[in-house]
Amino acid sequence: MLDLVIQGGTVIDGTGAPMRPADVGVREGRIAAIAPPGTIDEPTRSTLDAEGRYVVPGFVDLHTHYDAQLFWDPLATPSPFHGVTTVIGGNCGFTLAPLVPEHADYLMRMMARVEGMPLDALSAGLTWDWGGFGEWLDRLDGATAVNAGFLCGHSTLRRVAAGDGETMRRLLHEALDAGALGFSTSRAQTHNDADGEPVPSRFADDDELLGLAACVADHEGTTLEAIVAGCINGFTDDEVELLTALSLVGRRPVNWNVLGVSSLNPAGHERQLAASDAAASRGGRVVALTLPHPMSMRLSFLTGFVLDGLPGWREVIHLPVPERLRALADPGVRDRLAAGAVSPGAGLLRGLARWPVLTFAECFTPATKPYEGRTVGEVAAERDQEPFDALLDVVIADDLRTGLRPPQFGTSDADWALRAQVWRDPRAVIGGSDAGAHLDMMCGAVYSTALLGEAVRQRRLLSWEEAVRLLTDVPARLYGVRERGRVAEGWHADLVVIDPETVGHGPERTATDLPGGAWRLVADAVGVDHVYVNGVAIVRDGQPTGAVPGTLLRSGRDTATVLP
């Protein structure tokens with residue numbers, strides 16, 4: 001007997017093959033039959049009418065930070081509402097294990113600072129009493145609605161090992177033996193800890209990185225992820241050499257995050273993708289993760305993430321809040337911050353210093369609430385102030401909580417067309433959502449419904465078959481995830497039923513639903529009706545079911561080795 005038959009729908013199987021009307025039968029978590037409509041005659045416990053809907057594989061998100069959230073939110077919301085059934089965490093060198101008690105506070109505060117996870121939520125939502133990476137994985141095994149796998153992070157290893165190379169390599173081997181999917185690291189200049197100092201991985205030299213990358217070669221089904229400074233501003237020759245060397249010594253693909261694409265700088269992404277060509281010429285593989293939609297983010301002087309990358313800003317942004325408020329009110333400090341923001345050393349971040357065009361996205365006091373939705377320039381003119389002064393006065397009145405939104409770039413037809421070229425480029429993979437992180441800045445989980453809603457349904461830049469393949473089979477194959485990412489007989493029944501006439505997403509909104517009363521930005525999905533993981537509904541009619549059928553993905557068992 002079958003457990004489920006999804007009947008009357010149109011199957012897009014994830015391989016790029018043409019869509020076709022078909023019924024899908026599921027037994028014991030796997031796809032047992034894909035047959036012409038009405039021809040599955042085996043008895044079934046449950047039937048879903050999918051007429052007028054597409055039945056597609058669950059989406060695979062390679063770059064998330066759900067490491068902590070899964071402990072209090074097994075559904076990893078809002079990702080499954082947008083069709084995601086498999087998430088990969090442990091990116092950018094940041095993981096919650098291995099752990100020793102004396103480093104718990106540092107790791108908690110580092111994650112809060114660099115990945116925008118509220119400290120109150122991390123403190124209230126986790127026990128912080130595990131030890132090795134395997135013990136941490138065991139805590140999640142059988143307790144998640146989605147499939148979840150994790151890389152082992154360099155910064156955590158380095159902190160726990162006090163920088164000792166031999167100890168780091170031993171701990172990494174132990175983590176990989178326990179099921180870690182690979183190794184991740186970061187040299188991003190925006191990655192600073194709670195004290196405003198570079199995160200531990202940024203102190204590592206190339207030999208240390210290569211020694212750790214070499215560890216993954218000894219373990220089946222593992223991979224590499226690396227963030228270097230040039231991911232934002234353009235790779236140096238040394239960074240291209242390093243990415244290539246990591247792939248060669250680890251005998252695995254290396255992916256990096258995130259490739260920006262803009263018609264204002266049409267050659268920029270080609271220079272970045274040239275790193276892939278350089279690696280391929282020597283037998284390595286370097287892959288860029290890229291987002292399908294225009295980047296949108298909120299800035300905050302409370303968390304200060306990104307702002308602390310401006311020259312001369314870090315020392316102020318990392319002051320305790322009372323001292324920060326006093327500093328931001330000081331005319332001399334304001335002059336120094338304004339000068340640093342437009343200095344040559346600011347690089348691409350200089351664009352943030354166009355103060356008049358920032359929008360007050362959210363304000364929090366009766367005095368500041370009238371400014372919500374208006375630009376800094378408009379408010380400054382009304383108050384007869386310089387824009388930077390008006391901005392900081394409002395921020396101070398809000399006790400730093402003000403949400404600030406830069407102008408959104410990448411919305412033109414030319415930008416969409418250029419991004420569509422990159423989506424099809426084998427040197428790039430759609431991903432980089434950062435879902436679960438930067439919760440005060442953005443909701444990255446919308447990447448999948450953004451692609452299907454605007455790029456496919458509205459703009460027709462891709463066929464449905466192409467788009468589904470890019471969200472499912474392509475990322476699954478990069479990480480060697482076994483028997484997921486396709487609607488195929490014998491494969492795991494990770495399935496999504498979508499309405500092609502309406503699929504998309506709503507606007508970002510604030511939700512106060514984290515432990516400790518903390519808040520985050522979320523966005524609702526539209527037209528994603530049902531989501532199944534291992535044959536069990538985790539979303540039905542757009543609502544969570546409470547089921548936790550997800551698999552804790554372990555390297556080797558659930559992933560196969562992908563060579564460069």
Side-chain angles (χ1 to χ4, degrees), residues 67 88-104 106-107 110-111 130-138 149-188 191 193 198-228 238-239 241-256 279 283-286 479-480 553-557 559-564:
D67 309 52
I88 307 297
N91 289 291
C92 305
F94 307 124
T95 42
L96 303 181
L99 178 70
V100 291
E102 58 265 34
H103 294 301
Y106 176 85
L107 294 179
M110 178 185 71
M111 294 291 280
W130 51 86
F133 200 91
E135 182 183 349
W136 177 71
L137 288 180
D138 290 344
F150 301 89
L151 308 172
C152 186
H154 190 181
S155 280
T156 306
L157 290 172
R158 202 170 208 276
R159 179 72 181 191
V160 170
D164 179 72
E166 183 177 351
T167 303
M168 280 188 279
R169 291 189 294 274
R170 175 179 59 79
L171 290 172
L172 179 55
H173 278 299
E174 290 175 359
L176 296 167
D177 282 336
L181 299 187
F183 170 69
S184 69
T185 188
S186 171
R187 284 184 172 175
H191 285 168
D193 65 18
V199 296
S201 64
R202 290 179 59 191
F203 292 100
D205 60 20
D206 288 0
D207 287 341
E208 179 176 313
L209 283 177
L210 293 171
L212 290 165
C215 295
V216 305
D218 297 331
H219 300 266
E220 183 183 2
T222 53
T223 194
L224 292 165
E225 187 253 1
I227 311 296
V228 298
D238 287 343
E239 288 174 330
E241 171 61 30
L242 176 61
L243 291 170
T244 300
L246 290 170
S247 177
L248 293 175
V249 74
R251 303 205 299 274
R252 300 290 186 269
V254 177
N255 76 83
W256 63 272
R285 187 180 178 195
V286 172
Y479 269 42
L553 302 178
R554 297 183 189 262
S555 57
R557 185 193 71 181
T559 56
T561 296
V562 177
L563 296 174

Q | Residue pairs, two or more places apart or on separate chains, that pass side-chain hydrogen bond (donor to acceptor under 3.5 Å, both in side chains) and touch residues 241-251 | A |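 Sorted result for residues 241-251: E241-R282.
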**Q.** Under the ring pair (Phe, Tyr, Trp, His ring centres under 6.0 Å) test, residues paired with Y479 that sit two or more places apart
**A.**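 Here no residue qualifies.
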Go through the structure and list residues passing side-chain hydrogen bond (donor to acceptor under 3.5 Å, both in side chains) with [X], not counting sequence neighbours.
X: T167; answer: D164
X: R285; answer: none
X: S184; answer: none

(Q) Checking side-chain contact (heavy atoms from CB on, under 4.5 Å) between S555 and each of L151, T223, T561, L181, which is the one that passes? (A)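 Of the listed options, the one satisfying the test is L181.
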Q | Side-chain H-bond candidate by donor/acceptor type, S201 with H154, under 3.5 Å | A |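 No donor-acceptor contact under 3.5 Å links the two side chains.
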Q | side chain to side chain contact (heavy atoms under 4.5 Å, CB included) assessment of V562 paired with R252 | A | CA-CA 6 Å; V562 177; R252 300 290 186 269; 5.9 Å; no
Between [atom1] on residue [X] and [atom2] on residue [Y], distance to nearest 0.5 Å:
X: E225; Y: T185; atom1: CD; atom2: OG1; result: 8.5 Å
X: M168; Y: L157; atom1: CE; atom2: CG; result: 7.5 Å
X: F183; Y: T95; atom1: CZ; atom2: OG1; result: 9.5 Å
X: T156; Y: D67; atom1: OG1; atom2: CG; result: 9.0 Å

Q: Please identify each residue that fulfils side chain to side chain contact (heavy atoms under 4.5 Å, CB included) with D205, with sequence neighbours left out.
A: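 Residues passing side chain to side chain contact (heavy atoms under 4.5 Å, CB included) with D205: D207, E208.
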Q | Any residue meeting side chain to side chain contact (heavy atoms under 4.5 Å, CB included) with A180, in chain and number order, not counting sequence neighbours | A |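 Listed in chain order: F133, C152, A175, L176.
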Taking all non-hydrogen atoms of both residues, which atom of [X] and which atom of [Y] are closest, and how far apart?
X: A178; Y: G134; result: CB-CA, 3.5 Å
X: V160; Y: P98; result: CG2-O, 3.4 Å
X: L137; Y: G179; result: CD1-C, 4.0 Å
X: G250; Y: L224; result: CA-CD1, 4.2 Å
X: D193; Y: V199; result: N-CG1, 3.9 Å

For [X], which residues count as a salt bridge (charged side-chain N to carboxylate O under 4.0 Å, His left out) partner, sequence neighbours excluded?
X: R170; answer: E174
X: R554; answer: D138, D141
X: D206; answer: R187
X: E239; answer: none

**Q.** Student check: side-chain heavy atoms of P253 and V286 closer than 4.5 Å
**A.**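 A side-chain contact is absent here, since even the closest heavy-atom pair is not under 4.5 Å.
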Q.
Please check this pair: side chain of W130 against backbone of L96, looking for a donor-acceptor N/O pair closer than 3.5 Å.
A.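 Such a contact is found between W130 side chain and L96 backbone.
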Q. Is the gap between the ring centers of H191 and F94 under 6.0 Å?
A.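 Ring centres of F94 and H191 closer than 6.0 Å.
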Could you pull out all donor-acceptor pairs under 3.5 Å where a side-chain atom in residues 211-221 meets a protein atom, sequence neighbours excluded?
residue: H219; atom: ND1; partner: D177; partner atom: OD1; Å: 3.3
residue: H219; atom: NE2; partner: H173; partner atom: ND1; Å: 2.9
residue: E220; atom: OE2; partner: R482; partner atom: NH2; Å: 2.8

(Q) Please determine whether the number of non-hydrogen atoms from other residues, nucleotides or ligands lying under 6.0 Å from atom CD of E166 exceeds 12. (A)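 At most 12 heavy atoms, drawn from other residues, nucleotides or ligands, come within 6.0 Å of this atom.
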(Q) Can you see whether F203 has R158 sitting over its ring - NZ or CZ less than 6.0 Å from the centre and within 45° of the normal? (A)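 That pair does not qualify as a cation-pi contact.
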Q: Hey, can you tell me if W136 and F150 have their rings parallel, tilted or perpendicular (30° and 60° cut-offs)?
A: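 Ring orientation, 0 to 90° scale: perpendicular.
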Q: Evaluate the criterion side chain to side chain contact (heavy atoms under 4.5 Å, CB included) for residue pair M110 and L107; output intermediate values, then yes/no.
A: CA-CA 5 Å; M110 178 185 71; L107 294 179; 3.9 Å; yes
Q: For side chain to side chain donor-acceptor pair (under 3.5 Å), just list the numbers for S186 and R202, CA-CA rounded to whole Å, side-chain angles, deciding distance to a tenth of an Å, and then say yes or no.
A: CA-CA 7 Å; S186 171; R202 290 179 59 191; over 6 Å; no
